[in-house]
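Heads up, the thing below is written out as structure tokens.
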Amino acid sequence: MYLQSHIQRRIDGHMGERYDAGAVEPKWQERWEKSDLYRARDDDRDRPTYYILDMFPYPSGEGLHVGHPEGYTATDILARFRRMRGDNVLHPMGFDAFGLPAENYALKTGIHPAIVTKRNIDNIRRQIKRLGFSYDWKREVVTTDPDYYRWTQWIFLQMFDNDLAYQASAPINFCPRCRTGLANEEVKGGLCERCGSEVERRELRQWFLRITRYAERLLDGLDDLDWPESIKTMQREWIGRSTGADVTFRLADPPAGVDPGLVVYTTRPDTLYGATYMVLAPEHSLVGKVMTQERRAEVEAYVERARRKSDRQRTELQKDKTGVFTGAYAVNPMNEEKIPIWIADYVLLSYGTGAIMAVPAHDQRDYVFASRYEIPIVTVIEPHDGSRPPEGRAFVHDGVNVNSGPFDRLSTAKAIPAFTKHLEDSGLGKGVVRYKLRDWLFSRQRYWGEPIPVVHCSGTCGTVAVPESELPLLLPEVERFEPTGTGDSPLAAIEEWVSTACPKCGGPARRETNTMPQWAGSCWYYLRYLDPTNGEKLVDPDLERHWMPVDLYVGGAEHAVLHLMYARFWHMFLNDQGIVSTPEPFGALRNQGMILGFSYRYYMDEADAPTPSSDVTVIKEAAGRAVHRGDGRTMREAWVAAQDVAWQGEGAMRTPVHPTIPGLVLEEVTEKMSKSRGNVVNPDEVIERYGADVMRMYEMFMGPLEASCPWSTEGIEGVHRFIMRSWRLYADRPSNDEEGLTRLRHRTVRSITRHLEALEFNTAISDLMVYVNELTRLDEVSTTDLETLALLMAPYAPHLSEEAWERMGRTQSVHLASWPSFDEKLAAAETVSRGVQINGKLRGEITSGAGAAEDEIWQAAEALSNVARYLVGREVTRVRIVPRLVIFKVK
RNA sequence: GCGAGGAUGGCGGAACUGGCAGACGCGCCAGGUUUAGGUCCUGGUGGGCAUUGUCCGUGGGGGUUCGAAUCCCCCUCCUCGCACCA
């Protein structure tokens with residue numbers, strides 16, 4: 001028998017040859033790379049293309065954990081499957097390498113971020129390659145390469161030229177820890193999305209991109225995308241489209257020189273008669289102009305207080321609504337009543353017009369406020385059914401207008417357009433559409449990002465684009481990366497870089513020192529894969545048309561609104577510029593779930609006395625505070641890493657206990673892998689122990705792709721056993737040229753093909769297991785079965801399949817072979833067994849030939865003694881024969 | 001508070017458009033191989049009663065149906081997202 005020299009023959013309890021992943025996997029990886037097996041063919045215009053894309057990783061210093069390769073494994077399996085089915089597959093990988101961690105690391109160690117980044121990329125690329133993925137590495141892109149970010153800057157300039165990039169001094173979200181501004185999308189509950197610090201407001205000159213111009217298209221485009229509904233919903237809500245009306249209220253006594261019109265936005269113009277006061281945001285420009293002298297002190301004090309509050313503080317106290325009266329009045333345009341103008345921080349300057357008409361009877365916030373400050377509450381909508389509106393709160397639903405002059409008795413659906421029309425006819429307002437989406441804060445005050453390619457002319461030219469011929473505008477080489485004390489980027493301190501000549505007038509000018517946010521490079525990387533070395537263009541139009549759009553995009557759900565919306569925005573812009581041919585970049589999107597780890601918890605009190613979790617309750621109402629069940633004293637969590645846990649007892653009684661505190665039983669918790677919990681599983685260690693094929697297969701076997709499942713060190717053993725058992729079919733079992741397990745083979749091919757098409761990897765693996773288990777029972781295995789198995793396994797376990805394929809005497813790679821086909825007729829059973837159900841309960845089973853007539857089946861069923869027993873003396877209705885059941889109904 | 005998703009053995013999870021609940025794997029039990037352990041192989045494994053069988057069982061309660069994990073109504077809990085957006 002032919003033997004690979006590097007496969008060790010081992011006596012291992014079981015006679016035969018053990019599969020040595022440590023030798024086989026690198027061997028094939030090397031051969032595949034040498035033979036360019038996975039090149040995507042630009043010049044092949046006959047086969048259908050399939051562009052399957054992973055969200056490229058940020059190369060962190062810690063390297064990958066087992067969560068990252070889950071999505072990569074799924075896409076690799078599909079890429080290999082599609083290749084075997086004859087598609088021309090594009091499956092690239094790259095690195096999203098600008099970002100704060102490398103810069104912060106540079107600050108700590110003095111090592112240049114470019115060096116750290118390169119080192120991290122090399123490590124992660126090595127980790128990825130060990131898993132045997134079929135990426136076309138010749139297309140790798142790295143966002144920090146000048147040849148790459150040249151085009152990121154180029155796109156920015158196109159936006160600048162098209163009035164989509166502008167500067168403004170605006171109060172922005174500023175993270176004191178990251179020392180940089182943040183986009184609205186990067187703030188979660190008032191905290192920095194990256195580091196969790198509380199976000200401050202700061203007034204700084206910033207760059208913005210007019211993503212709001214694309215709001216409608218970003219919203220509409222979602223409808224036709226094959227994306228998870230949850231992601232589409234999140235984007236829809238983030239865009240936050242609403243329809244309503246801008247209404248102009250007249251100031252009752254406008255001070256000299258002040259525009260008497262006060263414009264508010266409302267989605268309920270039908271409640272206009274119920275507007276009993278108005279509210280300005282504390283920062284509203286009109287506040288200082290309309291407040292009366294006697295209210296001045298109080299108003300200014302309130303404005304100052306509101307200004308100091310962070311967004312988080314402002315939203316935390318959402319139940320308490322505070323405000324002060326300005327002393328000024330406006331006139332309700334519908335009924336000419338004088339209504340007071342207040343300021344309150346529940347009105348946000350950044351939405352609508354920064355001012356509202358308050359209708360306490362029909363808006364809960366206004367209701368709470370009006371109740372507190374004893375402002376009149378006037379009902380103008382009543383329920384349709386004439387029932388009384390609820391006591392003590394606002395009636396916010398649709399209904400019928402009352403107290404609304406000529407609009408009385410109109411239902412809400414009719415009243416809204418009627419009011420809007422009236423406003424437009426009388427010049428008091430107009431119908432408008434608004435969005436929650438704000439322009440994208442695009443500048444960061446950091447070093448490690450793409451320089452924004454503009455200069456500020458010291459003369460009269462203003463802000464001038466760097467000429468395209470000067471791109472890429474390189475980051476200067478520097479020793480120090482500290483942000484300046486003023487909140488400026490570290491670039492601002494590099495005088496010889498900042499000081500330059502104006503491209504327009506040639507006079508002195510200063511370079512823009514802000515850099516782009518990390519999202520910039522990832523907005524278009526999928527385009528550069530198509531043409532990664534093009535020095536003339538971002539992407540060749542012909543190649544773009546050939547490959548785009550991305551057929552399937554897989555990545556984590558955490559990018560739901562950030563990356564995925566920014567990339568869509570850039571893509572739409574590039575589409576408008578004629579650079580890309582499709583309106584949307586990613587046709588189908590799937591999210592992989594998280595891989596969780598086990599960690600072990602107990603509690604400590606103030607005196608560090610350890611307590612098992614069973615003695616502790618967590619009070620949800622008190623922000624998750626943990627207290628002792630007995631005496632209610634406050635407890636804090638303590639953790640033991642999985643590898644330190646001692647185990648007590650056997651089998652079902654097996655209990656985790658503390659390694660050093662005797663008798664302290666620990667609570668097993670599954671949660672996100674993190675260094676601090678000590679529950680991180682490193683892929684390098686898994687591969688060393690089991691090999692890449694086992695790791696790939698286990699990642700897919702754990703559960704559905706989208707589900708979050710805990711990594712189980714026992715569970716992977718089962719997959720390891722399966723791989724070893726599969727190998728033994730090739731290594732130490734005689735084969736023959738007979739039919740083999742024809743029916744099971746066809747069924748398995750059918751089932752796995754369908755599962756793969758539906759991205760159901762876990763159940764496809766279970767089909768493989770059934771097939772292998774059946775083959776294992778045989779003394780001799782047919783070559784046809786062995787070949788089919790190798791082909792079916794090829795996407796999942798590419799190394800083992802290749803090794804088996806070669807061992808069967810094949811000289812061409814299994815990955816170039818065709819996906820096996822199946823025959824429905826051969827997959828069908830000769831005999832069919834059916835359960836016999838009476839009134840929904842199973843009472844027996846019959847087996848009949850595949851072609852048996854219905855009558856025959858009924859008779860066989862009725863003849864069963866256990867069935868006859870239930871049918872005798874009853875009125876019997878035969879109901880149906882379905883594939884797996886014969887169904888009777890009796891009375 | 002609003003929105004989305006979810007709850008199935010000791011565990012991870014299967015179950016096509018309503019049709020034999022628990023595929024596959026882990027764990028566990030028994031047997032075999034082995035000097036022993038591990039590996040490997042075979043069988044068993046939701047719970048109760050019992051001799052073929054039978055009753056109960058998919059978070060809880062109700063409903064539709066010959067038949068419900070699956071459809072409808074109510075409720076509980078969990079996860080995620082948003083959160084004063086006028």
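In the text below, chain A, chain B and the rest are named by the order of the sequence lines, each starting its count at 1. Atoms considered below: every heavy atom in the structure, side chains included; atoms not considered: hydrogens, waters and symmetry mates. Here the structure is a predicted model, which means the values were calculated and not measured.
Considering only the side chain of A/Lys188, B/C82 comes nearest among B/C84, B/C82, B/C20. Relative to the side chain of A/Phe701, the nucleotides B/G27, B/C24, B/C40 differ in distance, and B/C24 lies closest. Nearest to the side chain of A/Trp238, among B/C84, B/A86, B/A83, sits B/A83. Candidate nucleotides B/U54, B/G25, B/A14 were compared by shortest atom distance to the side chain of A/Pro704, and B/A14 ranks first. Of the candidates B/C24, B/G81, B/C40, B/C24 carries the atom nearest the A/Ser766 side chain, counting heavy atoms from C-beta on. Comparing B/C82, B/C20, B/C24 by their nearest atom to the side chain of A/Lys436 picks out B/C82.
Atom CD1 in A/Ile838 sits about 14 Å away from atom C1' in B/U54, given to the nearest Å. Following rounding to the nearest Å, A/Lys672 (NZ) and B/C80 (C1') show an atom-to-atom distance of 11 Å. The CG atom of A/Leu262 sits 18 Å away from the P atom of B/A86 (whole-angstrom rounding).
Using a 4.0 Å heavy-atom distance criterion, A/Tyr367 is classed as making no nucleic acid contact. As judged by a 4.0 angstrom heavy-atom cut-off over every strand, A/Arg834 is placed among residues making no nucleic acid contact.
Considering only side-chain N and O atoms, A/Arg721 lies nowhere under 4.0 angstrom from the phosphate OP1 or OP2 of B/C41. Residue A/Arg747 has no polar side-chain atom (N or O) positioned under 4.0 Å from OP1 or OP2 of B/A23.
With hydrogens and angles ignored, no donor-acceptor pair under 3.5 angstrom links the side chain of A/Gln837 to the base of B/G67.
Under a 3.5 Å cut-off, the side chain of A/Arg434 and the backbone N or O of A/Gly244 do not form any donor-acceptor pair. A donor-acceptor distance shorter than 3.5 angstrom exists from the side chain of A/Arg696 to the backbone of A/Tyr796, with no hydrogens or angles considered.
Pair assignment for B/U45: B/G27, on the basis of Watson-Crick or G-U wobble contacts that are both within less than 3.5 Å. Pair check for B/C40 finds B/G32; Watson-Crick or G-U wobble, both atom distances under 3.5 Å. Remark: B/A7 base-pairs with B/U76. Criterion, Watson-Crick or G-U wobble with two distances under 3.5 Å.
Using cut-offs of 30° and 60° for the angle between ring planes, the A/Tyr273 and A/Phe419 rings count as perpendicular. Ring-plane geometry between A/Phe369 and A/Tyr373 is classed as tilted, the angle between the planes lying from 30 to 60 degrees on a 0 to 90 degree scale.
Of the two residues near RNA chain B, A/Asn839 and A/Asn866, the one whose nearest nucleotide lies more 5' is A/Asn866. Ranked by how close their nearest RNA chain B nucleotide is to the 5' end, A/Ser712 and A/Ser230 are led by A/Ser230.
Residue A/Arg393 places its CZ atom among 12 or fewer non-hydrogen atoms of other residues, nucleotides or ligands, all under 6.0 Å distant.
With its glycosidic angle within 90° of 0, B/G9 is assigned syn.
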